[in-house]
Amino acid sequence: MIERLLRYWWMALVMLLAAATSAPTAASMGMPLSLCIVRAAPGMTARTLFATPGRFDCTSPQRTFGSGDFWVLSQRLPAIDSHGPLTVRTASVWQDRVSLHTLYADGAIRRTTYTSRTTGERLMLGAMIAQTLPRHGAVPVRLLWHVEGAANIRGIVRQPMLATHGENANSEILLAALYGAFGGMVLALIVYNLALWRALRQAFQPAYCLLLLCLLAYAVSSSGALGQWYPALDNNDRIRISGLALAGSAASVMLFARLFFEPRVFPRWLRHAITAGMIATMASATASAALSPWRIHLLDELMMGSIASLILLVPLILFSAWRRRSNFLWMFAIAWGVPIAAAGLRITGAYGWTADNVWVDNSTLLAMAVEAIMSSIGIAYRIHLLARERDEARVQELAARLLADSDPLTGLLNRRSFLSRAIGREGPQTLLIADLDHFKAVNETIGHDGGDEVLRAFAKALRNVVPGDALVARIGGEEFAVIVDAGVGLAASRVLDSLRGIRMPFDMAVTASIGTCTGSLAKETDWKALYRCADRALYEAKAAGRDRARDAGAIWVGQAPLDCGGGKET
């Protein structure tokens with residue numbers, strides 16, 4: 001099983017890295033566009049900028065321009081054979097207002113505009129903003145964006161693609177399947193684990209459900225689905241929610257790990273480091289959501305840095321788990337592998353160290369799905385261990401209870417257990433008290449070890465003749481007792497015959513005397529009366545010469561006690 005999981009993990013990691021490093025042309029289902037940028041200045045118009053493309057910077061990365069207002073010019077558009085309207089898709093980023101100017105072959109310019117408050121009307125899955133080019137008699141040849149209030153954390157105009165109606169539909173269907181499958185899986189896991197929590201009450205189960213809720217919140221907000229459901233939601237607010245959900249997911253992963261691993265995995269310094277990282281992550285995300293766009297670059301770097309610090313703690317946790325021989329090391333190593341790779345790519349992209357890629361953005365969701373599934377398998381494994389531990393504990397408890405209830409020498413019930421089971425039995429009960437004759441002489445003749453063997457042999461003789469529902473106990477040194485329903489009956493002569501048939505150590509002749517009495521055992525006073533009566537019959541048997549039995553009869557008829565004296569031989 002472990003080898004199979006490792007193979008799947010490596011396959012997922014290779015697919016993720018391949019998606020991150022490959023060109024997004026085929027996967028993105030559209031024609032990527034290259035861009036040139038100039039910072040906005042008074043007097044600039046779309047027509048003059050279309051006429052002077054040399055004013056634009058086509059080589060500098062977008063992040064180097066900082067925040068503000070910009071004009072962004074596309075390359076000359078390729079000829080696309082389309083019977084329907086063309087659409088320009090761009091990735092959603094923090095911006096206040098965007099105007100798209102389309103230049104047509106006949107020199108005409110058409111403009112479409114949206115703001116952060118109206119972005120929801122154009123939002124597609126994958127947090128892509130789709131702008132349909134206005135219909136015109138001539139073909140479009142170039143595009144020009146006027147972006148106002150760009151934070152430029154990830155870019156000014158990100159991942160621009162020219163697409164047909166069919167390509168947009170294919171992209172929407174693909175991402176709908178991806179996000180729908182993820183959402184359904186998360187909801188099923190939440191319901192499943194909440195149901196298990198009601199039965200098992202393990203602390204890691206609600207922590208896992210919290211993790212799943214954060215993942216679901218991140219998927220809904222970062223995918224653009226939240227903006228589609230609530231078109232009136234300001235897109236910048238949606239980005240705030242997405243950042244909080246991402247930070248919550250990172251922090252809840254650590255919380256889940258803290259509660260899932262054995263406590264010995266986390267020494268004090270590591271516990272403090274994890275707590276500090278979780279607090280820093282949530283505090284920086286909250287500050288970014290509350291204060292942006294003020295110092296938005298600094299706030300974003302603080303949040304990404306705090307998430308990176310949590311990622312750096314993962315190897316320390318795994319090393320500690322390996323060093324302390326945790327049962328769950330291999331499961332977490334597999335579950336965290338792909339998400340850490342995806343998070344690393346997101347962080348490097350956030351700092352501009354790697355190229356922008358639409359699939360790196362969506363790789364977070366795939367990585368979270370892997371983590372959720374593997375963590376669920378880990379929980380199933382943990383439950384398996386819990387079940388095994390409880391079964392072992394139950395067996396040990398039964399063994400301890402058996403030892404507490406049994407006489408260690410003969411294996412019969414001891415006096416305490418015998419009385420707890422005997423008192424309260426319904427209906428008339430017959431008590432037999434058997435005492436080995438001259439047992440002191442036996443010990444003096446063959447020693448105490450030999451005497452123990454005699455006691456074990458007599459216990460075996462009793463077990464051979466009593467009915468299945470009878471209670472048999474050693475209640476004193478060489479004194480034994482049997483309780484059996486009076487209706488079933490047990491002849492004392494059968495006990496004596498069984499004893500005579502048992503081979504004793506050194507072939508010694510060992511006999512016993514037995515006294516019997518019948519009566520009620522509803523309460524403790526009944527037991528005392530019944531015992532006195534049977535004990536008196538026992539001494540009559542000894543006085544009559546031993547190796548025989550005496551029956552005292554019944555001491556209760558209805559509710560009236562009778563004299564139990566004058567036992568008769570049986």
Side-chain angles (χ1 to χ4, degrees), residues 13 16 20 63 151 153-154 204 207-208 210-215 217-218 221-222 239-261 263 265-292 295-324 326 328-329 332-354 360-361 363-365 367-368 370-372 374-375:
L13 183 59
L16 175 63
R63 286 173 50 88
I153 300 175
R154 309 286 181 262
F204 65 82
Y208 180 62
L210 175 62
L211 166 61
L212 293 173
L213 286 174
C214 290
L215 295 180
Y218 177 74
S221 57
S222 66
I239 294 175
R240 289 187 174 97
I241 296 171
S242 180
L244 285 171
L246 179 61
S249 299
S252 59
V253 167
M254 287 299 169
L255 176 63
F256 172 60
R258 276 282 305 273
L259 297 174
F260 188 81
F261 274 115
V265 171
F266 299 95
R268 178 178 298 180
W269 67 267
L270 187 53
R271 292 198 303 269
H272 291 339
I274 292 173
T275 301
M278 293 168 58
I279 293 174
T281 298
M282 294 309 301
S284 60
T286 303
S288 180
L291 302 177
S292 295
R295 299 282 186 179
I296 190 170
H297 285 269
L298 176 61
L299 294 173
D300 181 71
E301 289 180 358
L302 289 175
M303 185 180 76
M304 299 307 295
S306 62
I307 293 177
S309 69
L310 288 180
I311 294 176
L312 292 176
L313 288 174
V314 170
L316 299 178
I317 296 173
L318 296 179
F319 176 75
S320 179
W322 170 78
R323 186 177 180 182
R324 290 165 174 80
S326 169
F328 315 113
L329 170 61
F332 265 86
I334 296 172
W336 280 352
V338 175
I340 288 174
L345 290 172
R346 285 293 302 274
I347 291 173
T348 57
Y351 286 106
W353 299 338
T354 56
V360 171
D361 290 345
S363 67
T364 303
L365 182 71
M368 287 178 171
V370 172
E371 180 180 4
M374 296 306 299
S375 297

Parallel, tilted or perpendicular, as decided by the 30° and 60° cut-offs, for the rings of Phe266 and Phe261: perpendicular
Leu255 side, atom CG; Thr275 side, atom OG1 - distance, nearest 0.5 Å: 9.5 Å
Spacing of CG belonging to Leu318 relative to CG belonging to Leu313, to within rounding of 0.5 Å: 11.0 Å
Flag if over 12 foreign heavy atoms under 6.0 Å of CZ, Arg271: yes
Spatial distance of atom CZ (Arg323) from atom CG (Leu329) [nearest 0.5 Å]: 14.0 Å
Side chain to side chain contact (heavy atoms under 4.5 Å, CB included) between Leu299 and Ser292, intermediate numbers included: CA-CA 8 Å; Leu299 294 173; Ser292 295; 4.1 Å; yes
Ser320 side-chain N/O to Leu316 backbone N/O, donor-acceptor pair under 3.5 Å: no
Main-chain N/O of Ala151 paired with His297 side-chain donor or acceptor, under 3.5 Å: yes
Atom pair CD1/OG of Ile239 and Ser222 - distance to nearest 0.5 Å: 11.0 Å
Exercise: identify the closest heavy-atom pair between Ala251 and Met278: O-CE, 3.6 Å
Beyond-backbone contact of Pro267 with Arg324, side-chain heavy atoms, under 4.5 angstrom: yes
Straight-line distance of Phe256 CZ to Leu212 CG, nearest 0.5 Å: 8.5 Å
Rounded distance (nearest 0.5 Å) linking atom CG of Leu302 with atom CD1 of Ile307: 11.5 Å
Donor-acceptor contact present, side-chain Ser306 to main-chain Met303, <3.5 Å: yes
Partners passing side chain to side chain donor-acceptor pair (under 3.5 Å) against Ser252 (at least two apart in sequence or in another chain): none
Non-hydrogen side-chain atoms of Met254 and Val314 separated by less than 4.5 Å: yes
Ser249 side-chain N/O to Cys214 backbone N/O, donor-acceptor pair under 3.5 Å: yes
Close side-chain approach of Leu310 and Val253, heavy atoms under 4.5 Å: no
Minimum heavy-atom distance between Ser221 and Ser242, given as atom pair plus value: OG-CA, 3.3 Å
Results of side chain to side chain contact (heavy atoms under 4.5 Å, CB included) for Thr286 - residues two or more places apart only: Leu244
